[in-house]
Amino acid sequence: MNKDMSDKMDQQPEKKTRCIIEAEAATIIRKLPALGNLMIIGKANGATHERIGPVERIDETDGWLAATGEHHASRMDPSLVCQVILDTSSIMQNQVYPRLDFQDGEGKTLFAFVGFAGEAPFEAALADLARTELEPTQAERPQRPDVAQNDPGAAPLKAAIGTTPPMTIAFESRGFVQSWTGIVEKLSMGMGFINIMRPDFHLHLLGGTVSAWLEEVTENGVRLAALDADNNVTGLTLSAADATAFVASEQA
């Protein structure tokens, strides 16, 4: 190989890792069952709610699309999505974790999907859709203070550790609803967040974003709604059939 050819190879442009998928949001969401093991993410007001596993089916009700299966219980409003961005820049242990962000007209992510089965299922499922390449962006990694020992956001979660019957942790934001039901075995603090980490579910609650919980007794037990510093609901709720499930930490 001569020097000129070697120089040309060295000057090959880098592969773009971000692009707009030129398709309706509903078209892309309907492809979820083909994407393999994935995480569906809702994030707002300090709470990040994540379900993990393969999506078994997509159903439509009143314009919303529901992703269901053993590991998923999500509903999305595709009519609010103005663009969908595919990002393949995340690589861990030599595996690409592709991400699809569904954004509104202001560029805010309404909900997102991250693939855990590598890039191949995404490329195969989205191969028939046109793309517009984007320049890379630098992710922000802000420094966060440690979670306070008496953080109100953690209190009912600590109380509910190991309680039966299972509790439900639900999340609702603009154009997105998701829930998980199960037993919380452990609560951990790290990177400024209160964390629940299970194979099929993650909750990351930013410390200091919940000022109190609004309790409501229901026909099925008790429901707590997280409130922010201005006493507005944040979209995060906890519910359980046992009306005392969240009491212990409040008394501790």
Side-chain angles (χ1 to χ4, degrees), residues 39-51 64 73-77 80-82 101-112 114 139-161 163 166-182 184 186-198 201-218 220-240 242-252:
M39 174 184 284
I40 298 181
I41 306 166
K43 180 179 180 180
N45 302 319
T48 303
H49 192 285
E50 303 168 336
R51 293 295 308 265
W64 285 59
S74 310
R75 294 191 299 117
M76 296 150 273
D77 183 357
L80 299 178
V81 178
C82 294
D101 280 280
F102 291 73
Q103 300 181 343
D104 64 13
E106 298 179 353
K108 180 181 178 181
T109 296
L110 299 168
F111 48 88
V114 174
E140 296 183 3
R141 303 291 183 185
Q143 293 292 322
R144 304 188 188 279
D146 292 338
V147 177
Q149 288 294 321
N150 62 345
D151 192 298
L157 294 170
K158 288 180 180 178
I161 291 176
T163 60
M167 64 181 293
T168 295
I169 302 177
F171 173 83
E172 182 173 353
S173 61
R174 182 168 172 256
F176 183 78
V177 179
Q178 184 165 257
S179 64
W180 170 83
T181 300
V184 175
K186 180 182 179 182
L187 199 67
S188 62
M189 312 294 175
M191 306 296 288
F193 287 86
I194 302 159
N195 304 291
I196 296 173
M197 303 286 287
R198 300 190 77 262
F201 171 66
H202 294 173
L203 175 69
H204 307 290
L205 181 59
L206 182 62
T209 57
V210 175
S211 66
W213 296 85
L214 177 65
E215 180 175 334
E216 176 188 5
V217 177
T218 69
N220 299 318
V222 64
R223 179 178 180 271
L224 302 184
L227 303 178
D228 64 14
D230 296 320
N231 287 326
N232 297 314
V233 293
T234 68
L236 179 67
T237 61
L238 315 176
S239 57
D242 182 356
T244 66
F246 307 115
V247 173
S249 290
E250 296 175 359
Q251 296 176 342

**Student:** Between N220 and T218, does any side-chain donor sit less than 3.5 Å from a side-chain acceptor?
**Tutor:**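 Per modelled atom types, N220 and T218 side chains form no pair under 3.5 Å.
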
**Student:** Please state whether the rings of F193 and H204 are parallel, tilted or perpendicular, taking 30° and 60° as the class boundaries.
**Tutor:** perpendicular

**Student:** Using a 3.5 Å distance criterion without hydrogens, assess whether the side chain of D101 forms a donor-acceptor pair with backbone atoms of Q103.
**Tutor:** no

**Student:** Are V222 and E215 packed together at the side-chain level, in the sense that at least one heavy-atom pair is separated by less than 4.5 angstrom?
**Tutor:** yes

**Student:** Is it true that R174 and D104 have a side-chain N and a carboxylate O under 4.0 angstrom from each other?
**Tutor:** yes

**Student:** Taking the side chain as every heavy atom from C-beta outward, state whether L157 and L203 have any pair of such atoms under 4.5 Å apart.
**Tutor:**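 Heavy-atom side-chain distance check passes, below 4.5 Å.
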
**Student:** Between F171 and T48, is any pair of side-chain heavy atoms under 4.5 Å apart?
**Tutor:**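 No. Closest side-chain heavy atoms not under 4.5 Å.
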
**Student:** Would you say the ring centers of H49 and F176 fall short of 6.0 Å from each other?
**Tutor:**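 Between F176 and H49, which both carry aromatic rings, the centre distance is not below 6.0 Å.
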
**Student:** So, N195 side chain and M197 main chain: donor-acceptor pair closer than 3.5 Å or not?
**Tutor:**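 Flag not set: sc N195 to bb M197 has no pair under 3.5 Å.
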
**Student:** Using the rule side chain to side chain contact (heavy atoms under 4.5 Å, CB included), only one of N45, L205, I194 pairs with V210; which is it?
**Tutor:** L205

**Student:** Under 3.5 Å, is there a donor-acceptor pair between the side chain of R51 and the main chain of S179?
**Tutor:**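 The answer is yes, because a donor-acceptor pair under 3.5 Å joins these two groups.
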
**Student:** So do the side chains of F102 and D77 get within less than 4.5 Å of each other, counting heavy atoms only?
**Tutor:** no

**Student:** Around atom CG of N232, are there more than 12 heavy atoms of other residues, nucleotides or ligands at under 6.0 Å?
**Tutor:**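 Atom CG in N232 is crowded, with more than 12 foreign heavy atoms closer than 6.0 Å.
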
**Student:** Report yes if the side chains of N231 and S211 come closer than 4.5 Å at any heavy-atom pair, otherwise no.
**Tutor:**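 N231 vs S211: side chains touch.
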
**Student:** Taking side chain as C-beta onward, heavy atoms only, is T234 less than 4.5 Å from L227?
**Tutor:** no

**Student:** If we only count heavy atoms from C-beta on, is the M189 to D151 side-chain gap below 4.5 Å?
**Tutor:**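 With C-beta onward as the side chain, the pair stays apart.
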
**Student:** Considering only heavy atoms from C-beta outward, does the side chain of F246 approach that of M167 to under 4.5 Å?
**Tutor:** yes

